[in-house]
Amino acid sequence: MPTPQLTIKDIARELNVSPSTVSRALQGHPGISQQTRERIQQYAREHHFKPNQLAVGLRSRSSRLIGIIVPDFTNYFFACVLSGIESAASKAGYRIMVAQSNDDYHREEEIAHAFMEARVSGVITSLGKQTTNYQHYKELMDLGIPVVFYDRISTDLPTDRVVVDDYAGAYAAVEHMIKTGCKHIYFYSSPPHLEITKNRRNGYLDAMHKHGFQVTPDMMPLCDNRQDAIRLTQEILKRDPKPDGFFAVNDMTAAGILYVCKHVGLKVPEEVSICGFSGDAISETTDPLLTTVEQNGQEVGQCAFQLLQHRLNGEEHASKMIVRTKLLLRGTTKEN
């Protein structure tokens with residue numbers, strides 16, 4: 001069996017330095033001390049290190065290869081974003097390298113290091129649910145590889161970013177439910193450190209407070225998938241007062257809520273209203289059809305590539321693009 005090829009990450013681990021330090025030292029970068037450069041270069045020679053063939057002769061800005069990190073390939077919104085990126089990149093003459101983080105921080109970190117070795121021109125990424133440390137993105141940026149965030153962004157790094165108008169979408173959805181008679185609306189939330197959670201929660205809270213309704217912490221449980229929604233909703237429907245409305249952070253969660261409400265005999269939307277977020281394909285297959293906030297993932301992906309292309313063309317200031325949302329009124333909420 002052939003010996004596995006030594007990688008930049010292997011060298012970094014052995015010499016207790018970052019992968020970006022190894023990469024810059026091998027390129028003779030003046031920002032790395034002479035002693036460190038010589039130590040890394042000597043180790044590389046002694047262990048017959050060979051750069052990734054995809055990177056040979058290429059500089060990061062001229063490879064015309066874009067690295068894309070997707071948290072979950074099965075998520076409809078992320079699939080639409082990827083489609084938008086690929087379409088825009090192809091028209092501009094770029095190739096894409098796509099990897100799935102599975103919402104796992106360590107996997108996300110490994111992907112970032114693989115992109116470094118591949119000498120991608122730039123990276124377009126959305127944070128995994130577990131990610132609160134952004135060092136791997138800083139390493140990419142230190143190497144001169146621009147990073148663009150979409151949807152789940154980091155506000156701690158000076159990067160370009162594309163987001164949907166989460167606050168406005170959430171506010172419009174909750175206010176519609178209030179205006180059609182709901183008084184006790186629950187918000188099923190995603191992890192609190194994510195910007196999308198903060199913005200959707202704030203939209204929910206402001207709509208509730210504007211109309212004089214109090215919100216307690218137990219009305220905003222952490223629940224962002226169908227399986228947990230089915231389990232949690234069975235318990236919540238036993239509470240007094242019983243919810244007469246649910247606003248979910250995504251459509252799969254909303255579909256789980258709908259399943260339980262129908263299972264226990266509640267009439268939707270006469271007795272309970274339900275709204276999701278994203279415009280997922282599942283929203284058009286439920287019975288009744290699910291009211292949702294459409295995100296337009298294709299446009300998000302196209303905008304993300306547009307920002308990256310601007311950066312690759314020499315624009316150095318960080319930009320933010322906001323894609324408008326649209327409330328799609330269907331059968332799980334009452335009419336005005």
Side-chain angles (χ1 to χ4, degrees), residues 69-72 75-78 81 101-109 125-138 147 149-159 161-175 177 184-210 213-233 235-236 239 243 245-257 274-278 280 292-293 295 297 300 320 322-323 325:
I69 301 179
V70 178
D72 180 1
N75 181 291
Y76 179 80
F77 170 70
F78 290 135
V81 173
S101 68
N102 278 322
D103 279 317
D104 181 85
Y105 166 74
H106 296 293
R107 174 62 183 148
E108 188 176 305
E109 186 181 36
T125 183
S126 186
L127 293 175
K129 293 177 184 177
Q130 300 178 10
T131 302
T132 56
N133 183 327
Y134 314 117
Q135 181 60 31
H136 48 301
Y137 292 118
K138 189 175 185 303
V147 176
F149 283 99
Y150 66 90
D151 193 48
R152 302 180 193 165
I153 65 172
S154 166
T155 57
D156 294 338
L157 297 173
T159 65
R161 60 194 71 152
V162 182
V163 296
V164 300
D165 197 344
D166 293 295
Y167 173 88
Y171 186 94
V174 176
E175 185 166 63
M177 287 195 284
H184 197 64
I185 304 170
Y186 272 59
F187 170 49
Y188 281 20
S189 168
S190 50
H193 67 276
L194 296 173
E195 287 299 309
I196 62 167
T197 305
K198 298 174 186 177
N199 293 328
R200 294 176 195 180
R201 182 183 63 226
N202 288 338
Y204 159 78
L205 288 171
D206 284 356
M208 293 288 281
H209 292 157
K210 174 188 173 182
F213 296 115
Q214 296 298 312
V215 177
T216 56
D218 67 308
M219 293 171 65
M220 299 183 290
L222 174 57
C223 178
D224 64 356
N225 62 74
R226 186 176 186 274
Q227 183 176 357
D228 287 347
I230 291 173
R231 174 189 54 78
L232 181 63
T233 305
E235 184 270 319
I236 285 177
R239 296 180 182 177
F246 290 93
F247 172 54
V249 73
N250 59 50
D251 286 344
M252 290 301 293
T253 301
I257 297 169
I274 303 166
C275 181
F277 203 113
S278 75
D280 198 313
T292 185
V293 179
Q295 288 182 275
V300 171
K320 180 179 180 179
I322 300 176
V323 175
T325 55

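Numbers here are sequence positions counted from 1.
Ion pair Lys129/Asp104 not flagged as a salt bridge, since none of the NZ, NE, NH1 or NH2 atoms sits closer than 4.0 Å to an Asp/Glu carboxylate oxygen.
The salt bridge (charged side-chain N to carboxylate O under 4.0 Å, His left out) contacts involving residues 184-197 comprise Glu195-Lys198, where partners must be two or more places apart or lie in separate chains.
To the nearest 0.5 Å, atoms OG1 (Thr292) and CD1 (Ile274) are separated by 12.0 Å. Note that CG of Asn133 and NE2 of His106 are 9.5 Å apart. Values are rounded to the nearest 0.5 Å. Here the CD-OG1 distance, from Gln135 to Thr131, works out to 13.5 Å after rounding to the nearest 0.5 Å. Distance CG/Asn75 to OG/Ser278: 7.0 Å, rounded to 0.5 Å.
Side chain of Thr253 to backbone of Val249: no donor-acceptor contact under 3.5 angstrom is found. Side-chain atoms of Asp224 never come within 3.5 Å of backbone atoms of Ser189 as a donor-acceptor pair (strictly under, hydrogens ignored). Checking side-chain atoms of Asp251 against main-chain N and O of Asp280 turns up a donor-acceptor pair under 3.5 Å.
Counting heavy atoms from C-beta on, the side chains of Phe77 and Asn250 never come closer than 4.5 Å. Under the 4.5 Å side-chain criterion, counting only non-hydrogen atoms from C-beta, Ser126 is not in contact with Val70. Residues Lys210 and Glu175 have side chains in contact (heavy-atom distance under 4.5 Å, counting atoms from C-beta outward). Looking at heavy atoms from C-beta onward, Asp151 lies in side-chain contact with Ile196 at the 4.5 angstrom threshold. Met219 is listed as a side-chain neighbour of Met208, based on a closest heavy-atom distance under 4.5 Å. Using a 4.5 Å heavy-atom threshold, the side chains of Pro71 and Phe78 count as touching. In this structure, Tyr204 and His209 have side chains that are not in contact, with every pair of non-hydrogen atoms separated by 4.5 Å or more. Within the 4.5 Å cutoff, the side chain of Ile185 has no heavy atoms near those of the Phe213 side chain.
With sequence neighbours left out, the salt bridge (Lys or Arg N to Asp or Glu O under 4.0 Å) criterion links Arg226 to no other residue. Under the side-chain contact (heavy atoms from CB on, under 4.5 Å) criterion, Val163 pairs with Ile153, Lys320, Ile322, not counting sequence neighbours. Not counting sequence neighbours, the partners of Arg152 by the salt bridge (Lys or Arg N to Asp or Glu O under 4.0 Å) test are Asp103. Under the side-chain hydrogen bond (donor to acceptor under 3.5 Å, both in side chains) criterion, Tyr137 pairs with Glu108, Thr125, not counting sequence neighbours. Arg239 is linked by a side-chain contact (heavy atoms from CB on, under 4.5 Å) to Tyr186, Asp218, Glu235, Ile236, counting only residues two or more places apart in sequence or in another chain. For Asp166, the side-chain hydrogen bond (donor to acceptor under 3.5 Å, both in side chains) criterion is met by Arg200, not counting sequence neighbours. With sequence neighbours excluded, the residues satisfying ring-ring contact (aromatic ring centres under 6.0 Å, His included) with Tyr105 are His136. For Gln227, the side-chain contact (heavy atoms from CB on, under 4.5 Å) partners two or more places apart in sequence, or in a different chain, are Asn225. Residues meeting the side-chain contact (heavy atoms from CB on, under 4.5 Å) test with Gln214, sequence neighbours left out: none. For Thr197, the side-chain hydrogen bond (donor to acceptor under 3.5 Å, both in side chains) partners are Ser190, not counting sequence neighbours. In this view, Asp165 satisfies the side-chain hydrogen bond (donor to acceptor under 3.5 Å, both in side chains) rule with no residue, not counting sequence neighbours.
A ring-ring contact (aromatic ring centres under 6.0 Å, His included) with Phe247 holds for exactly one of Tyr188, Tyr171, Phe187; it is Phe187.
Taking both residues in full, the closest heavy atoms of Gln295 and Val164 are given as O-CG1, 3.5 Å, listed atom of the first, atom of the second, then distance. Residues Ser154 and Leu127 share a closest heavy-atom pair of N-CD1, 3.9 Å. Taking each heavy atom of Ile230 and Gly256 in turn, the nearest pair found is CG1-O, 3.7 Å. Between Leu194 and Gly128, the shortest heavy-atom distance links the atoms CD2-O, 4.3 Å. The minimum heavy-atom distance linking Ala248 with Ala254 is given by the pair CB-N, 3.6 Å. Gly169 approaches Thr325 most closely through the heavy-atom pair CA-OG1, 3.4 Å.
For His193, the NE2 atom counts as densely surrounded, since its 6.0 Å shell holds more than 12 non-hydrogen atoms of other residues, nucleotides or ligands.
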